[in-house]
2 protein chains.
Amino acid sequence: MPNDGTLRVTPQPVRRQVEERLREAIVNGRFAPGEHLSDRMLCDLFGVSRSVIREAVRLMEAEGLVEVVPNRGPFVSYLSPADAMQVYEVRGVLEALAGQGFAERASDAEMAELRAVFEEIAASRAGADRVGLLGLKRRFYDVLLRGCRNAYVARMLDQLLNRNTQLRATTLADPDRLPHTIEEIRRIVEAIERRDGEGAWEACREHVRQAARVALRILNQQAREKAEAGRAQAAE
Amino acid sequence: MPNDGTLRVTPQPVRRQVEERLREAIVNGRFAPGEHLSDRMLCDLFGVSRSVIREAVRLMEAEGLVEVVPNRGPFVSYLSPADAMQVYEVRGVLEALAGQGFAERASDAEMAELRAVFEEIAASRAGADRVGLLGLKRRFYDVLLRGCRNAYVARMLDQLLNRNTQLRATTLADPDRLPHTIEEIRRIVEAIERRDGEGAWEACREHVRQAARVALRILNQQAREKAEAGRAQAAE
DNA sequence: TTTTGACCGATTGTCAGTCAATGTGATTGA
DNA sequence: TCAATCACATTGACTGACAATCGGTCAAAA
């Protein structure tokens with residue numbers, strides 16, 4: 001029974017809402033990595049029973065947003081630099097596949113929609129608020145994933161994007177990186193508008209490669225700062 | 001906290017066992033696609049309470065093995081031909097990435113292990129039982145995914161392989177296809193042993209491409225037979 | 001002083017039972 | 001035959017309960 005997505009009204013069980021809210025809270029960093037998400041606490045927070053919470057947490061676990069240690073409950077996952085690099089590696093190929101699929105299969109309307117979102121991104125200047133920019137980029141991906149006609153790519157890439165949102169927010173808004181970012185996205189959009197699957201593939205891979213490069217730089221810098229702080233504390 | 005996998009003893013909650021068994025049952029076709037997996041039925045079957053069942057089902061849903069329709073419960077997912085093609089598309093790039101990662105990062109011991117499993121596969125002749133061959137191939141992937149040093153690729157590819165196990169069992173054991181299959185895998189292993197990431201990438205992509213081709217042929221044939229049966233029934 | 005061992009509170013894992021809402025199927029009536 | 005209605009089954013969600021386990025505290029022993 002394929003869901004056409006047409007006018008289909010589906011009831012929103014409490015569980016779904018909790019899932020969304022919880023995912024959002026974790027992704028947006030409202031719960032810090034390593035934080036313990038105890039049952040009771042979440043019950044109080046969302047005002048629902050334990051069963052609902054537990055089922056939602058199970059989903060977060062499947063998505064990799066939390067790690068459940070037996071008899072201690074779920075903890076918000078850390079994203080180590082090594083993890084981040086792995087994520088970028090996978091994102092690269094999945095995003096490329098999505099781009100190619102979009103170029104080859106999306107409707108003209110979807111293509112126009114993608115272009116529209118891109119123009120919004122291109123209009124943002126350095127100093128734009130990180131969260132707003134991230135939201136725009138998110139919309140870009142939403143359109144891309146919808147138009148690529150591959151539900152599996154869409155789901156997996158969606159999870160990956162959630163997985164490293166914090167890092168993306170940082171790299172995306174890097175002020176002297178923004179023009180390059182926009183240029184990379186422009187190449188994606190242009191290849192897509194030429195219906196050039198191969199070109200879209202390459203442009204997407206390149207885009208993620210650059211993002212990974214910036215992310216790596218930031219992570220290294222953070223590591224340096226941390227080491228610095230460690231030394232300072234040791235000297236004290 | 002990276003799990004080194006060394007001597008670490010982890011308790012196995014009932015839920016985990018139910019998850020595994022349920023996944024296995026669905027993957028192996030013990031539950032037919034479209035079948036309704038009602039709470040009570042599963043409770044009786046596994047001898048556990050509803051909460052455990054519901055949490056396990058939630059996982060199966062996240063993995064795409066079941067679809068839950070509100071107020072009616074979970075149903076075993078169908079894999080339409082279109083779905084299958086999408087799966088192969090994603091499998092292609094993920095498997096290629098895994099192969100490349102393995103070639104570049106696996107230990108020599110892991111490489112030897114991969115070679116060993118391959119030799120077992122190569123030793124199997126046409127007429128070998130499907131399930132046995134599928135098991136071997138599964139072990140091949142297990143080694144590959146462990147050695148590719150990318151947990152995200154591993155998890156996602158694992159899910160995809162589960163998703164279309166039935167179809168894989170059919171294509172893998174296609175008698176006049178088996179020699180070609182073995183040859184394709186040989187190329188993967190050889191590229192890996194040369195530490196040739198690029199070559200491993202290509203060999204993996206090609207392998208999946210061929211698998212998809214065979215699968216498509218089989219699906220078309222099934223569709224024809226179905227149409228035939230439909231006409232026969234209509235004429236009756 | 002350090003280590004060992006036992007105890008205690010808190011949390012998780014699991015269960016059983018309840019209740020409302022919804023969907024299914026059968027019965028009934030026109 | 002078809003439509004409306006009603007009873008039943010199932011899901012969604014909640015609650016209370018209990019055993020198992022974990023982390024920490026604290027006293028006794030080496």
Item checked: N or O in side chain of B:Arg40 less than 4.0 angstrom from D:dT10 OP1/OP2 -> no
Item checked: Protein-nucleotide distance (A:Leu42, atom CG; D:dC14, atom P), rounded to Å -> 14 Å
Check: Taking 4.0 angstrom as the limit, do B:Arg16 and A:Glu61 come out as a salt bridge?
Finding: yes
Notebook entry, point to check: Counting just side-chain N and O atoms, does A:Arg54 come under 4.0 Å of either OP1 or OP2 of C:dT12?
Noted result: no
Next item on the list: Report the distance from atom CD of A:Glu19 to atom P of D:dA13, rounded to the nearest whole Å.
Entry: 10 Å
Check: Is there a donor on the side chain of B:Arg50 or the base of C:dG17 sitting less than 3.5 Å from an acceptor on the other?
Finding: no
Next item on the list: Starting at atom CE of B:Met41, determine the distance to atom P of D:dA9, rounded to an integer number of angstrom.
Entry: 17 Å
Checklist line | Separation of atom CZ in A:Phe75 from atom P in D:dC22, rounded to whole Å | finding: 12 Å
Notebook entry, point to check: side-chain contact (heavy atoms from CB on, under 4.5 Å) with B:Tyr88: which of B:Glu95, B:Arg213, B:Arg168?
Noted result: B:Arg168
Check: Hey, does the side chain of A:His36 come within less than 4.0 Å of C:dT12's phosphate (OP1/OP2), counting only N and O?
Finding: yes
Check: side-chain contact (heavy atoms from CB on, under 4.5 Å) between A:Glu24 and A:Arg30: does it pass, once the steps are laid out?
Finding: CA-CA 8 Å; A:Glu24 200 183 302; A:Arg30 184 163 161 200; over 6 Å; no
Checklist line | Side chain of A:Asp39 - closest among C:dT12, D:dA13, C:dC15 | finding: C:dT12
Next item on the list: Using whole Å, report how far CG of A:Asn71 lies from C1' of C:dT12.
Entry: 6 Å
Check: Taking only N and O in the side chain of B:Arg72, is any of them less than 4.0 Å away from OP1 or OP2 of C:dT22?
Finding: no
Check: Between A:Arg23 and A:Glu20, is there a side-chain N and carboxylate O pair less than 4.0 Å apart?
Finding: no
Notebook entry, point to check: Which part of the nucleic acid does A:Ser38 contact within heavy-atom distance under 4.0 Å: base, sugar-phosphate only, or nothing?
Noted result: sugar-phosphate
Checklist line | Nearest-angstrom distance from the residue atom CZ of A:Arg15 to C1' of D:dA13 | finding: 10 Å
Note to self: Whole angstroms only, please: what is the CD1-P distance between A:Ile53 and C:dT12?
What the structure shows: 11 Å
Margin query: Let me confirm one number: the CZ-CG distance from A:Arg163 to A:Asp158, rounded to the nearest 0.5 Å.
Written below: 13.5 Å
Checklist line | Between D:dG12 (C1') and A:Gln17 (CD): distance, integer Å | finding: 13 Å
